[in-house]
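Sequence lines set the chain letters: A, B, ... in the order given, protein chains first and strands last, and positions in each chain run from 1.
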Number of protein chains: 2
Amino acid sequence: MADVDVFAALASPTRRQLLGLLLDQGARPVQELAEHFDMRRPSLSEHLRVLKDAGLVVERRAGRQRLYSLRPEPLRELSEWLTPYERFWREKLSNLRDLLDAEGDQMDGDPR
Amino acid sequence: MADVDVFAALASPTRRQLLGLLLDQGARPVQELAEHFDMRRPSLSEHLRVLKDAGLVVERRAGRQRLYSLRPEPLRELSEWLTPYERFWREKLSNLRDLLDAEGDQMDGDPR
DNA sequence: TTGACCGGTAGGCAATCGCCTACCTATCAT
DNA sequence: ATGATAGGTAGGCGATTGCCTACCGGTCAA
């Protein structure tokens, strides 16, 4: 378990697509996942290992297959990271911020 | 403009910390940002360029300084990507999904 | 038991990353 | 005009990434 950062795990479009497949289709064996990619199976295995190390998927053995399924909990970290940024686009405050910035302000006073 | 993927831009802890600084403190010159990192200034410049290429910061010149400020709009893409996953942890449906998966189902319907 | 199948691991290789030092241009102060 | 300051760019270098082929062990079917 290499304890992979969830942000780093999501940096790859292939890995995001894997999560999307698992979200839409539920647990799936490696072979079936591989059909969706123009890539050899061992490469997919490596992507799946990164996702597993990040806690984003779990593996369950079923005969000679290994079923991977989504484990969305680590995405909570992403959501929480995003929270303080959200109001800036939801409330369209970017322009206000630009104005504030233009005056060379500090924000909540701790000028070093 | 190398048109950088926002997910890739966020993969680096240094770049996330830069965004956090700009969020808390508003526009800042490079030098002041650099004080928060154990890294030479040119490396920071490279990180800032990645953020700029991803549209996450904007640069404004002020004398011989360049003030970088947050541009959170691209984070909306992240938020939208996250949306379909959210209900799985918010409604604690992971266990239900595990049960469904265990039967090797497809999941086209909307199990709610 | 033997062969086919599922999928992980090993190792090679080119490309990219992330840091560095050295250097360059632009601006400001004297 | 000269020197100091802000910060981007060039290029080197080791580490990492992402793909590949080859191989290996475990499971199932005949």
For DNA chain D, note the earliest and the latest nucleotide, 5' to 3', having some atom under 4.0 Å of a heavy atom belonging to chain A. D:dG18 to D:dC28

Has B:His47 got a side-chain N or O lying under 4.0 Å from the OP1 or OP2 atom of C:dC17? no

Residue met sooner reading DNA chain D from 5', once A:Arg15 and A:Pro42 are mapped to nucleotides: A:Arg15

N/O (side chain, A:Ser45) to phosphate O (OP1/OP2, C:dG8) under 4.0 Å: yes

Quick one: does any side-chain atom of A:Arg71 pair with a main-chain N or O of A:Gly55 as donor and acceptor, under 3.5 Å? yes

Taken in chain and number order and not counting sequence neighbours, the residues that satisfy salt bridge (Lys or Arg N to Asp or Glu O under 4.0 Å) with A:Arg40 are none

State, to 0.1 Å, how close A:Glu77 and A:Val6 come at their nearest heavy-atom pair, and which atoms those are. OE1-CG1, 3.4 Å

Could you check A:Leu19 against A:Val57 for side chain to side chain contact (heavy atoms under 4.5 Å, CB included), going step by step and ending with a plain yes or no? CA-CA 8 Å; A:Leu19 293 179; A:Val57 301; 3.9 Å; yes

For a quick check of understanding: with a heavy-atom distance under 4.0 Å over all strands, which category does B:Arg61 fall into, base, sugar-phosphate or nothing? nothing

Would A:Gln25 and A:Arg28 count as a side chain to side chain contact (heavy atoms under 4.5 Å, CB included) if you check the C-alpha gap in whole Å, the side-chain angles of each, and the deciding distance to 0.1 Å? CA-CA 7 Å; A:Gln25 308 186 356; A:Arg28 282 292 176 272; 3.5 Å; yes

CA sep, side-chain torsions, deciding dist, call: A:Met39, A:Thr14, side chain to side chain contact (heavy atoms under 4.5 Å, CB included): CA-CA 10 Å; A:Met39 186 183 302; A:Thr14 298; 3.8 Å; yes

For B:Arg64 and C:dA29, give me the distance from atom CZ to atom C1', rounded to whole Å. 7 Å

Separation of C:dC6 atom P from A:Glu35 atom CD, nearest Å, is 10 Å

Ring pair (Phe, Tyr, Trp, His ring centres under 6.0 Å) contacts in which one or both residues fall within residues 32-83 of chain A, not counting sequence neighbours: A:Phe7-A:Trp81, A:Trp81-A:Tyr85

How long is the line joining CD of B:Glu46 and P of C:dC23, in whole Å? 17 Å

Please report the distance, rounded to the nearest Å, between CG in B:Asp53 and P in C:dG18. 13 Å

Within the structure shown, what part of the strands sits under 4.0 Å from A:Pro29 by heavy-atom distance: base, sugar-phosphate, or nothing? sugar-phosphate

DNA chain C: A:Leu48 or B:Arg40, which has the more 5' nearest nucleotide? A:Leu48

Rounded to the Å, how far apart are A:Arg28 CZ and C:dG7 P? 12 Å

Is there a side-chain polar atom (N or O) of A:Gln65 under 4.0 Å from OP1 or OP2 of C:dC6? no

Hey, is the side chain of A:Arg66 pairing donor to acceptor with the base of C:dG8 inside 3.5 Å? no

Check the distance between C:dC6's C1' and A:Arg60's CZ and give it to me in whole angstrom. 16 Å

Is A:Tyr68 touching bases, backbone alone, or none of the nucleic acid, heavy atoms closer than 4.0 Å? sugar-phosphate

